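The structure displayed is predicted, hence computed values, not measured ones. Read the numbers this way: they start at 1 and go in the same order the structure lists the ligands and their atoms.
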Amino acid sequence: MDKPRVRFAPSPTGALHIGGLRTALYNYLFAKQTGGTFILRIEDTDQTRYVPGAEDYIKEALEWSGLHLDEGPNQGGDYGPYRQSERKDMYAEYAHQLVKNGWGYYAFDTEEELDKKREEAEAKGETFSYDCNTRMDMENSLVFSEEEVNALMARGVPFTIRLKVPFGEAVSVNDIVRGQVTFQSELLDDKVMFKADGMPTYHLANVIDDHSMRITHVVRGEEWLPSTAHHVLLYRAFGWEDTMPRFAHLPLILKPAPASFINNKTVDLYADKFVEEFFKKNPDFTLKSKQDVRAAIRNG
Ligand code: GLU
């Protein structure tokens, strides 16, 4: 088997927090234990969140912690550049490829139109999702003719490229930490892959880079687990499933909730919910009354 190649892929949006450092540490330890390669990739495609100096801060923090890099923006390597803003052209090509092979489409909806859809849904107590149920009511290349799309593009009308999530499929990931996790595809939205500013979104750039940098294991925080369904679909869309990395999603580090947060009212609320569920599932359980269970929980 090839030696593992793992990456720490922070966005330079601020200081490195403890959760990010823990992710870097696990990647580093895994690489060192297996004779693998530890890579730093700077994910700076979101220009609105870019914080000058954050990249240097991250590099210094890694160095200070003793997590020495094998490949990265300063170290170089065979799979560079290691800063996403320097890999822009490649993403555009892949994004258009998604449309050509039927896995994506051009969307011309303006922010105002999307906001209106969101407001309309909210007024009905619903949440708007651009997905397999709504995409045919929107302004996109699935609805417009080829001539119309060409005319819009010739006029320079801004567009995004969205992933066309298939209907009725189970998308599964065998996560090293979580085990088998399955998402129903019709619950996933048609995420934007390529933005009107000519930059990819995190999802597209991340998958293309993991593939082209030959990453074998993606070790990252659990907040990315829901996005993994879209990532698996992207590997499928590009025909890269055979070399898809293994995923390991690390539980989040949370600071203890302040005492004011866990007041008796909150405890009672959760206790009541628990008790209700419990009695529903165990109708024969008559030993304790609701109040007794509630008091027991409250008293720890
Ligand atoms: N850029 C993402 C972050 O800031 C990377 C997530 C990943 O490792 O895939 O956490």
Report each N/O pair between ligand 1 and the protein that falls under 3.5 Å, naming both atoms.
residue  : atom   : partner : partner atom : Å
ligand 1 : 1 (N)  : A9      : O            : 2.8
ligand 1 : 1 (N)  : S11     : OG           : 3.1
ligand 1 : 1 (N)  : E43     : OE1          : 2.7
ligand 1 : 4 (O)  : S11     : N            : 3.4
ligand 1 : 4 (O)  : S11     : OG           : 3.3
ligand 1 : 8 (O)  : R7      : NH1          : 2.8
ligand 1 : 8 (O)  : R7      : NH2          : 3.4
ligand 1 : 9 (O)  : R7      : NH2          : 3.0
ligand 1 : 9 (O)  : Y202    : OH           : 2.9
ligand 1 : 9 (O)  : N206    : ND2          : 3.0
ligand 1 : 9 (O)  : R220    : NH1          : 2.8
ligand 1 : 10 (O) : W224    : NE1          : 3.4

### Members sharing L252's hydrophobic cluster (side chains within less than 4.5 Å)
L254

### Query
When the ring planes of Y235 and W240 are compared, do they come out parallel, tilted or perpendicular, using 30° and 60° as the limits?
perpendicular

### Message
For Y202 and W224, take the angle between the two ring planes, folded into 0 to 90°, and tell me which bin it lands in: parallel under 30, tilted 30 to 60, perpendicular over 60.
### Response
tilted

### Message
Quick check on the 6.0 Å ring-centre criterion: do Y106 and H96 meet it?
### Response
yes

### Task
Taking D44 for its side chain and Y50 for its backbone only, find out whether a donor-acceptor pair lies under 3.5 Å.
no

### Task
Output yes when a side-chain donor or acceptor of T182 lies under 3.5 Å from a complementary backbone atom of S172, and no otherwise.
no

